[in-house]
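Presented below is the structure to which this report refers.
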Amino acid sequence: MSKFRVINAHVDLPAMERSILEFWQENEIFSQSLKAREDAPTWTFFEGPPTANGAPGTHHIEARVFKDVFPRFHTMKGKYVGRKAGWDCHGLPVEIAVEKELGFNGKGDIEKYGIAAFNEMCRISVQRHVSAFTDMTHRMGFWVDFDDAYWTMSPEYIESVWWSLKEIWKKGLLVQDHRVAPYCPRCGTGLSDHELAQGYETVTDPSVYVRFPITSGPLAEINASLLVWTTTPWTLVSNTAIAVHPDVSYLVVEEMVEGEKEVLVIAEKLLGFLKGEVRVLQSLLGRELEFTKYRRPFEFVEIPDSHFVVLATYVTTEDGTGLVHQSPAFGADDLQVCRGYGLPVVNPIAPDGTFFSNLELIGGVFFKEADKALVKELKRVGALYKHLPYEHPYPHCWRCHTPLMYYAQPSWYIRTTSIKEKLLRENEKTEWHPETIKTGRFGDWLNNNIDWALSRSRYWGTPLPIWRCENEHEMCVASLKELSELSGSDVSNMDPHRPFVDDITWNCAQCDAQMVRVSEVIDCWYDSGAMPFAQWGYPHKEGSIAMFEAAYPADFIAEAIDQTRGWFYTLMTIGTLVFDESSYKSVLCLGHLLDKDGRKMSKHLGNTLEPIPLMEQHGADAVRWFMLAAGSPWSSRRVGHDALTEVVRKVLLTYWNTVSFHAMYANASNFDLSQSPHISQRPLMDRWIYSDLQELIIEVDTSLASFDSQRAGKALSKFIDDLSNWYVRRSRRRFWEGDAAALATLHDCLRTLTLLLAPLVPFISESVWQELIRPVDSLASLSVHLADFPIADAKWISRELSDQVALTRRIVELGRAARAESSVKIRQPLGRALIAAGGWSALPQEMKEQIAEELNVFTLEDIADADGKLVDISVKANFRTLGAKYGAEVQEVARSIASASSVDLVAKIRTEGAAISSLGDKSWRVDINDVIITETPREGWTVNSHAGESVALDLTLTSELIAAGTVREVIRSLQEARKNQGFDISDRIHVLWNSHSAYLEAIEDSIEHIANEVLALKIARSADLPLGENENGFNAVLSKAN
RNA sequence: GGGCCUGUAGCUCAGUUGGUUAGAGCAUGCGCUUGAUAAGCGCAGGGUCGUUGGUUCGAGUCCAAUCAGGCCCA
């Protein structure tokens, strides 16, 4: 038999966690946990690679907690859950960070510095940030395999991405197109739609109403002008046409403003925007205006064969004037419409965002900066009708905050629109948490799918593996091996990044011209979305095919909600493009973390919480528990120190102290686990908590299986509270006596509880496993994380016991409230209490005794047995049952019950099972379930009632009761003295005591009982001892026996 | 402009299929209790359940509109 260790109730949680980390490391528990399940069925988890371009924040802990808890849970449930770490290495964020470091300003500086050297700096930057992530991940107890991590910048990863691109290319879905797309003039690159999504900022732009005088047809003769509204005056320089909706009704109006008359054309619905008095001259449909010629306000650039009205159905009459100025180089809709009319695409802006330097007025000016001068010029030439500041969201570069342009540029696209139906089909199969994402945010996004702008004119990224000759013959390359074959020189060990890959050329198989790689790299979101196969180097690397097939699609992924258009989208899209199947089955979509005041955390606001100090202050378990169980994972939540302190106090320390309590008494009584009585032989209380424990197992199991960590946490903390504050407290005496059933029951509960807690709070559960379980159980696994998840034994579940304990606790609550009202201290025993509660008569004697003890009352009686004169009966309608029976009449029935004699009605229902209640000439049958009966005692009692249950206390104090109160008071003060003097719970003592003479008799009469209670071997009165300050003057001197 | 989420006590959050005294924790005050606890218990103050309308005998819960905050898209 191994002896129980004593466990200190005071624990430094962060220090304990550090020692557990060492224990895991020394014993390689993580790899052991994987090895133990090597042959088990798999449960697949994909790690979404964090971008290693900055220090990790507390929000990174959030996602990582969820990425840890479910793999741990499924491992304990018997699955093999591989956990390969990953790092997202490429992309503009990394380039921007390096540019900043080097003090660069744009692509020119990079080219001067040299692409090879620049990319090397990017590589170093990535490696540096990875270590900060590793530290945080390690500290929080997230088990993921860093040694075998995938890096999106590794050659084998890039080759795998190339392979997938070739698959897409072969299907004809990877194409170059000229399209207007958001473009950052500072970074010199187009942005994908998911990047665009991240950069909207609210800005105030000049919004101008501009006159375009008509120069052809009858409207020209009356000097009419087209009135146009725009928020981008800089695009007026390249105005090419004006669009109207063919079916919208337009008006030609004469307006008087300050004595001046002018004629304007505007949509009928938008007439309200005019500022003066208006007379309608003519009404016509948009289509009648087609080809009407006009004069533009600026003549800075040549645009031949243009400047007339065109028709477009996208024109709305929601705002503006219903006439939309067209500048095809800067608007996707504009381009499409103008192309239809064969209009030229003229672009006066260089790729760096400035107007061409040869232009007058605005030459060399950054496009957004030109607005001011242009508005002034509009005014000067008399074209400006109205000018208002206009506040609206405008897209900015998500990294450098430069305002974006919609800019016509050649770009490579994946035709995702052509697989839209398949994406919708895959989404339909996907299990989303929360569900609303499926049809809401994500489904909506898929329904409005547009082609994926894949290419970036940048440096640090996976090179687009397309080579082309001057005759536009194309080749997509799937690997370095293929590239070696094509180019005729062995490049299989080459770094596939730029600039090295750019040097590889060969002669076109069709025309013998030189094949040169296109200059772009790809969107780094493609990299991360390719991880399901690229993490294995699929299909080139040896063994990768088997690895891939065993782990596709994933059972589970988890990230924050901003990934709907990011990783969640690219994963599903690439999976569907390449394998015709999405790469994940279920996805947990987390809400964002907010600061304690509900604001988004950002470095800018200075309200971030640093992850490692946070965990060093409260412990990683506390942070984990907060993320998992405080509030809903999928709604945004506020984090602050107070919330974490509460987790520590209410959950972790309560659990820990229950463990410490058990250890203390198990040790004191030399408890031997092997001598535990069988469950069926244990007392009611034990069977109750054991029943609750079985239900807890089921609840935690099903909650975690459905990714509901909040529900699991709620059940666990409720159980911890019940165990500590009812089971242990009510069974204390049994622990003092070393009762084997009690110790065994508490041990069983703690063991199972520890296993249930293990996935959520891996540190404290491991610590308890090591301290409480392993020393006395030679069969226990080396670590709690190598153990199996508990299985509930349904035969011990008893609803009846649970209900009875709940009733017991409710009665105790009522009694304590009554006590408090009466101002008779609980220490003072009372003679009797009357109880009114359904189920009282069936309550086991043991529980009744507990109530008597808790309330310190000698006898309990059922109120129904009490003298009728003692009790008032009131009856209320039970709307729940009556509503179902009588529907709309329920209010009348309730009134009839209220007006009846309660005593008669209850008597009738109790004797005959039902009664007829009537009001006016109507009557209804009412049975026992249709009424709520409240019985309350009358005079001389203190009473408390709630929901039909009540407790009444008889406040009469007899001399016997007062004497008993004195004895209890004496015992309490002796116990307190024991504690104050630091005696061990099992120390025997000697006592000398004294008190006021009025209390001597009561004390002397119970002196043996007192001695027993306080473990006194000798107890004697000493008349010399000075009296104490309390009411009975009791004072005592304690000393340790022997 | 569109989609989604949230709105319940000073703060953080629960609230089952609609059922008549809307709960818990934190915080404040008072009291009780204590051979584990950084604890526990009771009482008190604090709520027009964002607002308005509707459905219903009955709405925190269902429906509609609206306001505010957040996220995402245009």
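Only heavy atoms go into these numbers, but all of them, side chains included; no hydrogens, no water, no symmetry mates.
- Comparing the same atom, P, in B:C30 and in B:A36 gives a spacing of 26 Å after rounding to whole Å.
- Within the 4.0 angstrom heavy-atom criterion, base atoms lie near A:Val728.
- Using modelled atom types and a 3.5 Å distance limit, the side chains of A:Tyr655 and A:Thr754 yield a donor-acceptor pair.
- Among the protein residues, A:Val648 comes within range of no part of the nucleic acid, since none of its heavy atoms lies under 4.0 Å from any strand.
- Considering only side-chain N and O atoms, A:Arg972 lies nowhere under 4.0 angstrom from the phosphate OP1 or OP2 of B:U33.
- Nucleotide B:U6: paired with B:A68 (Watson-Crick or G-U wobble, both distances less than 3.5 Å).
- Judged by Watson-Crick or G-U wobble contacts below 3.5 Å, the nucleotide B:G25 has B:C11 as its partner.
- Here B:G40 presents its C1' atom at 9 Å from CG of A:Asp721, a figure rounded to the nearest Å.
- Residue A:Gly883 is the one, among A:Leu1015 and A:Gly883, whose nearest nucleotide of RNA chain B lies closer to the 5' end (criterion: closest heavy atom).
- At least one side-chain nitrogen or oxygen of A:Arg827 sits closer than 4.0 Å to the OP1 or OP2 atom of B:U33.
- Across all strands shown, A:Val11 has heavy atoms under 4.0 Å from base atoms, whether or not it also approaches the sugar-phosphate.
- A:Glu699 is listed as a side-chain neighbour of A:Ser703, based on a closest heavy-atom distance under 4.5 Å.
- Under 3.5 Å, the side chains of A:Trp452 and A:Thr573 contain no donor-acceptor pair of N or O atoms.
- Using atom P as the reference point in both B:G47 and B:G23, the two lie 15 Å apart (nearest Å).
- Within 4.0 Å (heavy atoms only), A:Ser724 reaches at least one base atom of the nucleic acid.
- Taking the side chain of A:Arg816 as heavy atoms from C-beta on, and the options B:C41, B:U34, B:A36, the nearest nucleotide is B:C41.
- Just one of A:Phe4, A:Phe735, A:Tyr727 meets the ring-ring contact (aromatic ring centres under 6.0 Å, His included) condition when paired with A:His662; it is A:Phe4.
- As rounded to whole Å, 11 Å separates atom P of B:U33 from atom CD of A:Glu976.
- Regarding A:Arg733, its CZ atom lies at a distance of 12 Å from the P atom of B:U34, rounded to whole Å.
- For A:Gln710, a side-chain nitrogen or oxygen approaches OP1 or OP2 of B:A14 to under 4.0 Å.
- Here A:Glu1013 lies in heavy-atom contact (under 4.0 Å) with a base.
- Applying the Watson-Crick and G-U wobble criteria (two distances, each under 3.5 Å), B:G46 pairs with nothing in any strand.
- B:A59 sits 6 Å from B:G18 when the C1' atoms are compared, rounded to a whole Å.
- One interatomic measurement links the two molecules: CD of A:Glu646 to C1' of B:A27, which rounds to 11 Å at whole-angstrom precision.
- Nucleotides B:C67 and B:U51 are separated by 7 Å at their C1' atoms, to the nearest Å.
- A straight line from CG of A:Asn725 to P of B:U34 spans 15 Å, rounded to a whole angstrom.
- Under the Watson-Crick or G-U wobble criterion, with both distances below 3.5 Å, B:C41 is paired with B:G31.
- Rounding to the nearest 0.5 angstrom, the gap separating the CD atom in A:Glu62 from the CZ atom in A:Phe626 is 9.0 Å.
- Between A:Thr745 and the options A:Asp739, A:Leu750, A:Ile689, A:Leu723, a side chain to side chain contact (heavy atoms under 4.5 Å, CB included) holds for only A:Ile689.
- Distances shown here put a side-chain N or O of A:Lys650 below 4.0 Å from the OP1 or OP2 atom of B:G40.
- Phosphate contact (OP1/OP2 of B:A38, side-chain N/O of A:His10, threshold under 4.0 Å): present.
- Side-chain atoms of A:Trp656 come within 3.5 Å of backbone N or O of A:Asn8 as a donor-acceptor pair.
- Regarding A:Trp726, its CH2 atom lies at a distance of 11 Å from the P atom of B:C41, rounded to whole Å.
- Spacing of C1' atoms, B:U20 relative to B:U66, comes out at 29 Å, to the nearest Å.
- Among the atoms of the strands shown, none is found under 4.0 Å from any heavy atom of A:Thr881.
- An OP1 or OP2 oxygen of B:C57 is reached within less than 4.0 angstrom by no side-chain nitrogen or oxygen of A:Tyr886.
- Spacing between B:G7 and B:C49 at atom C1', rounded to whole Å, works out to 10 Å.
- Pairing partner, B:A36: none, since no Watson-Crick or wobble contact has both distances short of 3.5 Å.
- Taking atom C1' in both B:C41 and B:A24, the straight-line distance is 15 Å, to the nearest Å.
- Pairing partner, B:U56: none, since no Watson-Crick or wobble contact has both distances short of 3.5 Å.
- Relative to the side chain of A:Arg649, the nucleotides B:C26, B:U37, B:G19 differ in distance, and B:C26 lies closest.
- With both pairing distances under 3.5 Å, B:U16 is matched to nothing as a Watson-Crick or G-U wobble pair.
- Among B:A36, B:U17, B:G42, the nucleotide with an atom closest to any side-chain atom of A:Trp736 is B:A36.
- One can place CD of A:Glu853 at 16 Å from C1' of B:C41, the figure rounded to the nearest angstrom.
- Residue A:Arg732 places at least one side-chain N or O under 4.0 Å from the OP1 or OP2 atom of B:A36.
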**Report entry** Step-by-step salt bridge (charged side-chain N to carboxylate O under 4.0 Å, His left out) determination, A:Glu646 to A:Arg649
**Finding:** CA-CA 5 Å; A:Glu646 196 178 322; A:Arg649 283 193 6 240; over 6 Å; no
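- Atoms CZ (A:Arg711) and P (B:U16) sit 13 Å apart, rounded to a whole Å.
- Taking the P atom of each, B:U8 and B:U52 are spaced 15 Å apart, rounded to whole Å.
- For the residue pair A:Thr235/A:Thr232, the side-chain donor-acceptor check at 3.5 Å is satisfied.
- Here the nucleotide nearest the side chain of A:Lys714, chosen from B:A14, B:A36, B:U17, is B:A14.
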